[in-house]
Amino acid sequence: MAKILIVDDDEMNLMVTDMVLSEMKYDVSTASSGEDCIAMLMREPYDLLLLDIEMQDMSGIQVLEQIRDIPKIREIKTVFLTASSHRADMSDAIRLGALDFIRKPALPEDLIGAVRQALQAREKELILAVDDEPMNLMATEELFGIRYHVRTASSGSEALQSIQNEKPDLVLLDLHMPGMDGLEVLKEIHEMDGCENLPVVFLTADDDVDTEAKIFKAGAIDFIAKPFVMEVALERIRRLLELKHLQDSLQDEVERKTEALLESNQKIRKLSNQVIYALAGAIDAKDSYTNGHSKRVAEYSKELARRLGKPEAETNEIYNIALLHDVGKIGIPIEIINKPGKLTEEEYNAIKNHTIMGHNILSTISEMPSLSIGAHWHHERYDGKGYPDGIAGEDIPEIARIICVADCYDAMSSDRSYRKALPQHIVREEIERGKGTQFDPRVAEVMLQMIDEDKDYRMRGSKDGN
Ligand SMILES: [Fe+2]
């Protein structure tokens, strides 16, 4: 639990604050003077200091001033407790890097809220100040140094090098510098890898409208006119950094969500593919003569599509569609599918019906409407003499024309229970003969090329399902 030190010279206040925070299970210690406070901080580390401003011996501001000068304890997160809203105190408190003010008497919920927020406050951000005037750099360091880590650079090239070494949270940039001026430096910063959105604030003595427009057009997030009012400058930088953190966390959130979405899309795609493979496996298992047929037809179809110039996404889709081209056989009695002898007309009609059945099965998958095309029309012929619809030429969807060639090629080039695979030259002749009658001539031509390249007749299916 966080350790909190409360410092107040009013015993009643000290007691009430202690009670409220102890109730919230914080590890609370108390001190009633600035001197005790510093001594306690030196003895052991605390996570937060709640410091009363109006104390008798040493004011809270003076106490914090001393603390900030002692390296061992200077980083302590501090929140002031105050009954007044004295402007000078406020400005000193800001200068000294106080995180918040709690008005006394505070409601318990306000006190708890402020404490929680202060405990969660981020580590100090890093500001890079760029100015060719050493005096200006010193002043900037002094002003921002308590609340932020400040690094300095006295020229544009030094600034770019410094950013390369460690990316700051914000850059304070002088407009007029010898060599590279501020605008050039800004351009170079935003061209650096990962620095496209690095907030850059200009410090400039020219506060005319033209300069202002030029600065914003160049991509600066803000500008502060010199000489500046300390509290205003600090407050502006605080808000800009707050904005940057909000943008960063929004960006992180978007990236996280996108990643999760991609992952879940990938899972869905994987699942769809697995379902498709399982279904294709079920078809092939039923038809014992043509083991591995669906997979081979899918592979040939994909290669035909690729050679016909289809993009990869389309060839993958064709693979899946081809894999399921015979899915309708699931609905045909097994005795008919595996009948060794000649089929009766009735049996032949039942077999032909696998195209319609396949279409009916796959058209229920509304998320993949093209899936049923192959099953429906892979037995159509280019001359219109096929089935089930007798459509011809370009009326047959191209996917079905591709699968038709791949299907017939595999039927001839694989072993069946009643015969061995046909010799390659016979298969080639059959494809050649079917050009323009059974097959789309363009697709058949590509199939012929594939056959001619396949010197060892590797594109074939053997009985063991290869
Ligand atoms: Fe078929």
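All values below were derived from every heavy atom in this structure, side-chain atoms included, with hydrogens, water molecules and symmetry-related copies excluded. Counting starts at 1 for both ligands and their atoms, in listed order.
The two atoms that bring L324 and A375 nearest to each other are O-CB, 3.9 Å, heavy atoms only.
For the pair E125 and K244, the salt-bridge criterion is not met [side-chain N within less than 4.0 Å of a carboxylate O].
The one candidate from H359, H376, H378 that meets the ring pair (Phe, Tyr, Trp, His ring centres under 6.0 Å) condition with H354 is H378.
By the 6.0 Å contact criterion, CD on E453 is enclosed, its count of non-hydrogen atoms from other residues, nucleotides or ligands being greater than 12. Atom NZ of K257 has 12 or fewer neighbouring heavy atoms from other residues, nucleotides or ligands inside a 6.0 Å radius.
You'll find the side chain of Q247 stays beyond 4.5 Å of the side chain of N197, heavy atoms only.
Distances shorter than 2.8 Å separate the Fe ion (ligand 1) from the protein N/O/S atoms D326 OD1, H354 NE2, H378 NE2, H379 NE2.
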